[in-house]
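Remarks on the structure that follows.
We use all heavy atoms of the structure for the numbers below, so side chains are in, but hydrogens, waters and symmetry mates are not. Quick note: residue numbers are just sequence positions, from 1.
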Amino acid sequence: LNNIFNALGNPAYASFVTAIDPSNPTDLAKVSALLAQSTSPSAGLFPANAYAFIVDGREVNTGGLLGGGVDLNGGYTARLGPNDRLALTAEGTVLLDYQQQVTPNGAPVSLLDTGGEPVSFKGRAAAAWTHDDVQASVALNYVAGYHDVTGRRVSPWTTADLQVLWRPTTLRALEGTSLALNVLNIADSWPPFFN
């Protein structure tokens, strides 16, 4: 009900609200037709001339979402010997803008760095050492801080992952297979509190 009262005076929802003149036969016919189609048990509680507005409350796709940012990634590989290789990789997403506009007449609202929405930065950096058939890698993950629905600051979160991978190349029976051990969030780091 609060949403309906907010819609009546909000210019963003003006295209969904029609004022009714109870003395106008055309407006009364519109209200009567809507009441006749309604499946609500309360549709007949008031006569057609008791209504002042028609609010179109159907779910429609009138809004828009505008986002902009940059995805970054890079890597470097070095040979450390005849059987050893080191690979460094990093990737990140920097969001500069993430705005929602509920209706074409509504003002855009920034959702960036708010609960349940994208954060302005998140990234991952990894180092992988390969020796013959075995590869060991460690990765750091970072998610920037943001605000929950109450406006309270939620701290950034950093975790580390570990992987040991074995790809046998000398055993013909196991050719094309691999065995991996993954440990996500090695330090068992708790996420920051989110209300």
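Note that the CZ atom of R153 and the CG atom of D148 stand 11.0 Å from one another [nearest 0.5 Å]. Rounding to the nearest 0.5 angstrom, the gap separating the OG1 atom in T150 from the CZ atom in F194 is 9.0 Å. To the nearest 0.5 angstrom, D133 atom CG is 12.0 Å from L179 atom CG. Between N141 atom CG and T159 atom OG1 the span is 4.0 Å, to the nearest 0.5 Å. With rounding to the nearest 0.5 angstrom, the CG atom of N49 is 6.0 Å from the CG atom of L28. In this structure, T130 OG1 and R167 CZ are separated by 7.5 Å, a value rounded to the nearest 0.5 Å.
Contact check for Q100 versus E117: no side-chain heavy atoms found under the 4.5 Å cut-off. Annotation: side chain of T62 is in contact with side chain of P104 (closest heavy-atom distance under 4.5 Å). At least one side-chain heavy atom of Y98 sits under 4.5 Å from a side-chain heavy atom of L65. Considering only heavy atoms from C-beta on, N182 stays 4.5 Å or farther from L162 through its side chain.
A donor atom on one side chain and an acceptor atom on the other are not found under 3.5 Å apart for S137 and W129. Between the side chains of S38 and S40, no donor-acceptor pair is found at a separation under 3.5 Å. Looking only at atom types and distance, the side chain of H131 has no donor-acceptor partner in the side chain of N83 under 3.5 Å away.
Considering every non-hydrogen atom in both T114 and L111, the closest pair reads OG1-O, 2.5 Å. Taking all atoms of both residues into account, the shortest heavy-atom contact from L165 to A180 is CD1-CB, 3.6 Å. In this structure, S155 and P192 approach most closely via the heavy-atom pair O-CG, 3.1 Å. Minimum interatomic distance between W157 and N185 (heavy atoms only, all atoms of both residues): CZ2-ND2, 4.2 Å. Across G145 and D113, no two heavy atoms sit closer than the pair O-OD1, 3.7 Å. The two residues L86 and L80 make their nearest non-hydrogen contact at CB-CD1, 3.8 Å.
With salt bridges taken as basic N to acidic carboxylate O contacts below 4.0 Å, one links D161 and R124.
Relative ring orientation between Y142 and F121 is described as tilted, the plane-to-plane angle lying within the 30° to 60° band.
Under a hydrophobic clustering in which Ile, Leu, Val, Met, Phe, Trp and Tyr are joined whenever their side-chain heavy atoms come within less than 4.5 Å, directly or via other members, V119 and V70 fall into different clusters. Residues Y51 and L45 share a hydrophobic cluster, clusters being chains of Ile/Leu/Val/Met/Phe/Trp/Tyr side chains in contact below 4.5 Å. A single hydrophobic cluster is seen to contain both F46 and L34, as judged by linkage of ILVMFWY side chains at heavy-atom distances under 4.5 Å, directly or through other members.
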Let's go through D97 and L66 carefully: what are the C-alpha distance in whole Å and the side-chain angles of both, what is the deciding distance for side chain to side chain contact (heavy atoms under 4.5 Å, CB included) to 0.1 Å, and is it a yes or a no? CA-CA 7 Å; D97 197 14; L66 175 65; 4.3 Å; yes
May I have the step-by-step check of side chain to side chain donor-acceptor pair (under 3.5 Å) for W166 and S178, ending in yes or no? CA-CA 6 Å; W166 177 53; S178 61; over 6 Å; no
I'd like to know whether Q101 forms a side chain to side chain contact (heavy atoms under 4.5 Å, CB included) with T103, so could you lay out the CA-CA distance, the side-chain angles of the two residues, the decisive distance to 0.1 Å, and finally the verdict. CA-CA 6 Å; Q101 190 172 4; T103 67; 5.9 Å; no
After noting the C-alpha distance and the side-chain angles of R152 and F193, does the key distance pass the side chain to side chain contact (heavy atoms under 4.5 Å, CB included) rule? CA-CA 10 Å; R152 182 186 161 280; F193 175 75; 3.6 Å; yes
Can you check side chain to side chain contact (heavy atoms under 4.5 Å, CB included) on V31 and I54, steps first, answer last? CA-CA 8 Å; V31 173; I54 296 175; 4.2 Å; yes
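By the neighbour-count criterion of 12 heavy atoms within 6.0 Å, atom CZ of R85 is sparsely surrounded, having that number or fewer from other residues, nucleotides or ligands.
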